[in-house]
Amino acid sequence: MIRDHLIRCIADAIGQAQQAGELPAFAIPTIVVEHPRQPEMGDYATNVAMQLARIAKMPPAKIAETIAQYLRAMPGTPFSVEVAQGFINFRLTPAYLSQQVDVILERGARWGEIDLGRGRKAQVEHGSANPTGYATIGTGRNVVVGDTLANTLEAAGYQVHREWYINDAGSQVRVFGASVYARYAQALGVDEPMPERGYQGEDVQEVARIIAEREGDRYLRLPKDEAVRALGQLGIEAIMANIKRTLARLNIRYDNFFSEKSLWTSGLGYEMIERLRAKGLVIEHDGALWFSEDGSPIRSGQGQRRTDEEYAADKDESGRALPVQAVLIRSPKVIRDPEERPTYFASDIPYMWHKVMLRGFNPAIYVWGEDHQADVPRLHAAARAIGLPEGAIRILIYRFITLLRSGQEVRMGKRKGNALLIDDVVDEIGPDAFRYIMLSRSVDTKFTFDLDVLKEQNEKNPVYYVQYGHARICSIERKAAEENWGVEIGDPGSQQAPGAYCYEHPAEQALIRRLIQLPEIVELVATTLQPHHYTTYAREVTQAFSKFYEECRIKGSPPDVARARMKLARAAQLTLAKTLKLMGMNAPERM
RNA sequence: GCCCCUAUAGCUCAAUGGAUAGAGCGCCGGCCUCCGGAGCCGUAGAUCGCAGUUCGAAUCUGCGUAGGGGCACCA
């Protein structure tokens, strides 16, 4: 990446200035190179002179000018250097920019990929909704963000594994099984009441009806316990099959569906508990086992739901309010209950061991909804306790979606069956618009999902702006071939005299400047785990292309100009296609 | 009580501590005899409040205000 090259040049220049005695001796700090907001300032800029002002005890402008002199003295650099207000600004030369078009064409489908991961194994676990109902738009944000991150890490040089964690152990599955049983019996004409807090949704009814049609009434003749267990399992399978179909519509596939139950049938969960017990971090209290990071005892009332007032009244012996840290980190959490049914948290411990130690994923990335935020410090505490490498566990928390129906906020819940399904929305707006919308906002921002507005704005959705831009480039290429404009690009390998043409038009240069940012964007997303940067970038690229398209004609230009512009258009097409691909979207050749 | 997230233009959102805070939608006004007008160009319009740190703050810190989530063997 050119940015890394600039950083090395700056460091060299500082070193040379120090050797020449023009700058005092000091350790060179981390050098930051960024894009100035105003393009007139150049393509890149560094604030290193201002950072050094204090260390070197010299005015920033003087430092900047000194460094700039050594930068200018470097032979064959692809940039010019200016100093302004303490900044050192770099402007890429037209010759260098022109060469980049050939670089992009040569990279082809691999353009934008970097080697941040150096082939290391990374995992993105996403989706992982309880298998007690069809996939809702809440899960939609999870899977689109997770899948896009997985695409990104792949492009960043990681070997990526995509996993869905099936919560098939625990009490919710028993309630689900009982709900399926009731609906199954009802489908067969037997009056069977729904269990308390059962799953009321139509999805469960549909699944039960399908099972009844396929299996007949044989489960009614079994003992009820056995039937509930069997139907629960069949129900999970049917729900997961439906979820997989839904996700396939969104271009999302998994390498593995990991069963929570397997952590306990394999014995790994119990091994982990013994491991923690040997360290004195497992405490028995009221017949249950608790995890306590520092071995501190169980407080009364822990493990129970309390009101705000009860939390406020939570004081220690001397009457002081207990700091929240004591609750989050020192407080024990049940590892398993007296009936030895593991809790959610208990399974998380062997699961992360399985991910990091047995399968070698580092980082193992979790995509979690904000309802899990309290589990983040607990999981990290447990990771330390069992001895996972620092930083192996990365947890991304995304904000929930607010659903509006005719202007009213709707609370979504699977139990009540009033959640909006991914399938319903994809039916309305299509998979590409769905993914784009889910990616268009920072994961830290809750966003409002108003289906009426979305349907209305479907034609104006920015997703079509980007796809239209891509389709238009393809159309130009088609037309050029049909009408024999004589601008064939040929194979990237067979360029005659690459870089011989120099792009001089401002719109050409602006477009190239935008295109060469793709590797930086991939790195940005891979590092911050914030995929919304793609939507901004895709729009910027399209905008730059549109401007180029308006101002720089291909057809009718002199042959060398026309051919060079055709190459630039192809580079823009490759960049847009790659960005869309990273977002998991289609890059249509026609619309 | 405590923890986490959020507050930017009429609306929805951007902006690795950096120079004149950017887009889309909406409003108003322009642009095709010409490679796709789902386009392009232009006008108007914003950092919740008060302190602090810094050469420099939408961004970091503190105190507020407002909204969301959490601190249950729930899921």
Side-chain angles (χ1 to χ4, degrees), chain A residues 32-38 40-41 45 47 50 53-54 59-60 84-87 89 129-130 132 167 170-172 175 197 288 301-306 308-315 321-328 331 333-339 341 343-346 369-377 397 399-400 402 413-415 440-448 450 453 457 459-462 464-465 467-469 471-480 483 485 524 527-528 532-533 535-536 539-540 543 546-547 549-551 553-556 562 565-566 569 590-591:
Chain A
V32 177
V33 170
E34 62 192 352
H35 295 278
R37 258 206 275 257
Q38 283 72 35
E40 314 86 62
M41 303 294 185
N47 60 353
M50 284 172 285
R54 179 169 291 182
Q85 296 172 54
F87 289 94
N89 294 330
N130 290 328
T132 53
N167 305 121
S171 61
Q172 79 277 11
V175 175
R197 304 193 65 224
Q302 225 152 17
Q304 286 169 21
R305 186 182 193 173
R306 278 172 288 176
D308 272 12
E309 291 70 34
E310 285 166 327
Y311 279 113
D314 197 4
K315 307 270 170 65
L322 287 163
V324 72
Q325 294 300 358
V327 176
L328 287 176
S331 86
K333 162 115 184 174
V334 169
I335 289 189
R336 53 179 192 177
D337 71 11
E339 298 176 56
R341 292 193 197 105
T343 64
Y344 201 92
F345 178 70
E370 61 178 329
D371 56 335
H372 282 92
Q373 54 168 282
D375 295 324
V376 173
I397 298 285
R399 298 287 311 271
F400 280 148
T402 307
K414 277 193 184 175
R415 284 192 192 275
S440 62
R441 291 152 172 86
S442 152
V443 294
D444 287 330
T445 309
K446 73 162 185 159
F447 79 84
T448 305
D450 190 327
V453 173
Q457 293 188 343
E459 288 297 305
K460 303 168 205 152
N461 194 313
Y464 298 111
Y465 176 70
Q467 290 187 321
Y468 177 78
R472 190 159 55 179
I473 302 174
C474 296
S475 162
I476 296 169
E477 295 201 344
R478 273 196 306 273
K479 191 147 264 182
E483 299 179 358
W485 295 358
L524 180 66
T527 310
T528 61
H532 71 275
H533 291 110
T535 59
T536 309
R539 194 178 32 71
E540 287 168 345
Q543 222 159 31
S546 292
K547 184 97 173 168
Y549 173 81
E550 294 289 327
E551 299 188 12
R553 309 284 302 176
I554 296 171
K555 189 180 181 181
R565 287 181 174 168
M566 202 66 233
R590 288 186 170 84
M591 287 178 73

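Naming convention: chains lettered A, B, ... in sequence-line order (proteins, then strands); numbering from 1 in each chain. For the numbers below, each heavy atom of this structure counts, side chains included, while hydrogens, waters and symmetry mates do not.
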Atom CZ of A:R478 and atom C1' of B:C35 are separated, to the nearest Å, by 12 Å
Look at the side chain of A:D308 and the base of B:C71, then say whether one donor and one acceptor between them are separated by less than 3.5 Å. yes
Would you please determine if the base of B:A38 is stacked by A:Y465, with stacking meaning a centroid separation under 5.5 angstrom and planes under 30 degrees? no
In this structure, how many angstroms lie between the C1' atom of B:G36 and the CD1 atom of A:I554, rounded? 13 Å
Partners meeting side chain to side chain donor-acceptor pair (under 3.5 Å) with A:R472 (sequence neighbours left out): A:S546
Between the CD1 atom in A:I554 and the CZ atom in A:R565, the distance rounded to the nearest 0.5 Å is 8.0 Å
Rounded to the nearest angstrom, tell me the gap between atom CZ in A:R441 and atom C1' in B:C13. 6 Å
May I have the distance from A:R54 (atom CZ) to B:G56 (atom P), rounded to whole angstrom? 10 Å
Starting at CD of A:Q373 and ending at C1' of B:C71, how long is that distance when rounded to a whole Å? 9 Å
Could you measure between the two C1' atoms, the one in B:A14 and the one in B:G24, and give it in whole Å? 10 Å
Work out how far the P atom of B:A44 is from that of B:U61, and round it to whole angstrom. 36 Å
For A:T445, answer base if it contacts any base atom (sugar-phosphate contacts may also be present), sugar-phosphate if it contacts only those atoms, and nothing otherwise; contact means non-hydrogen atoms under 4.0 Å. sugar-phosphate
Is there a side-chain polar atom (N or O) of A:R306 under 4.0 Å from OP1 or OP2 of B:A72? yes
Taking the same atom, C1', in B:C13 and in B:G29, what whole-Å distance lies between them? 26 Å
Sugar-phosphate only, base, or nothing, as touched by A:F400 at under 4.0 Å among non-hydrogen atoms: nothing
Base, sugar-phosphate, or nothing for A:T535, non-hydrogen atoms under 4.0 angstrom? nothing
Separation of the P atoms in B:G49 and B:A58, to the nearest angstrom: 11 Å
Is the shortest side-chain N/O distance from A:S546 to OP1 or OP2 of B:C40 below 4.0 Å? yes
When the P atoms of B:G22 and B:U47 are compared, how many Å lie between them, rounded to an integer? 13 Å
pair A:R441-A:T535: side-chain heavy atoms closer than 4.5 Å: no
Non-neighbouring partners of A:K479 that pass salt bridge (charged side-chain N to carboxylate O under 4.0 Å, His left out), sequence neighbours left out: none
Results of ring pair (Phe, Tyr, Trp, His ring centres under 6.0 Å) for A:H372 - residues two or more places apart only: A:Y344, A:W368
Using the side-chain heavy atoms of A:A471, tell me which of these nucleotides is nearest: B:A75, B:G36, B:C35. B:G36
Is A:R399 side chain donor-acceptor paired with the B:C5 base, going by distance under 3.5 Å alone? yes
B:U8 and B:U59: how far apart are their P atoms, nearest whole angstrom? 13 Å
Could you pull out all residues at least two apart from A:R399 that satisfy salt bridge (charged side-chain N to carboxylate O under 4.0 Å, His left out)? A:E370
Using a 4.0 Å heavy-atom cut-off, does A:V376 contact any base of the nucleic acid, only the sugar-phosphate backbone, or nothing at all? nothing
According to salt bridge (charged side-chain N to carboxylate O under 4.0 Å, His left out), who are the partners of A:E483, at least two apart in sequence or on a separate chain? A:K555
Does any part of the side chain of A:H533, heavy atoms only, come nearer than 4.5 Å to the side chain of A:T528, both counted from C-beta? yes
Are A:R305 and A:E310 side-chain neighbours, meaning at least one heavy-atom pair lies under 4.5 Å? no
5' to 3', nucleotides 18-23 of chain B under a 4.0 Å protein heavy-atom cut-off (B base, S sugar-phosphate only, - none) gives BBB--S
Restricting to side chain to side chain donor-acceptor pair (under 3.5 Å), what partner residues turn up for A:Q543, sequence neighbours left out? none
Roughly, in whole Å, what's the span from CD in A:E370 to P in B:G67? 16 Å
Rounded to whole Å, the CG-P distance (A:D371 to B:C71) equals 9 Å
Considering only the P atoms, how many Å lie between B:G52 and B:U6, rounded to the nearest integer? 25 Å
Taking every heavy atom of A:I473 against every heavy atom of A:A569, the minimum-distance pair comes out as CG2-O, 3.4 Å
With a non-hydrogen cut-off below 4.0 angstrom, is A:R590 in contact with a base, only sugar-phosphate, or nothing? base
Strand RNA chain B in bracket notation, Watson-Crick/G-U under 3.5 Å with | for pairs to another chain: (((((((..((((....[...))))..((((.......)))).....(((((..]....))))))))))))....
When we call it a touch if two heavy atoms are under 4.0 Å apart, what does A:H532 touch: a base, just sugar-phosphate, or nothing? sugar-phosphate
Need to verify one output field. Residue with the more 5' nearest nucleotide on RNA chain B, A:D444 or A:K479? A:D444
Quote, to the nearest angstrom, the P distance that separates B:U65 from B:C28. 41 Å
Identify whether any heavy atom of A:T528 sits under 4.0 Å from a base atom; if not, whether one sits that close to sugar-phosphate; answer base, sugar-phosphate or nothing. nothing
Are any of A:H372's side-chain N or O atoms less than 4.0 Å away from OP1 or OP2 of B:C4? no
Check whether any side-chain N or O of A:K547 sits under 4.0 Å from OP1 or OP2 of B:C41, and answer yes or no. yes
In whole Å, I'd like the distance from the CZ atom of A:R472 to the C1' atom of B:C40. 9 Å
If the condition is salt bridge (charged side-chain N to carboxylate O under 4.0 Å, His left out), which residues does A:E550 pass it with, not counting sequence neighbours? none
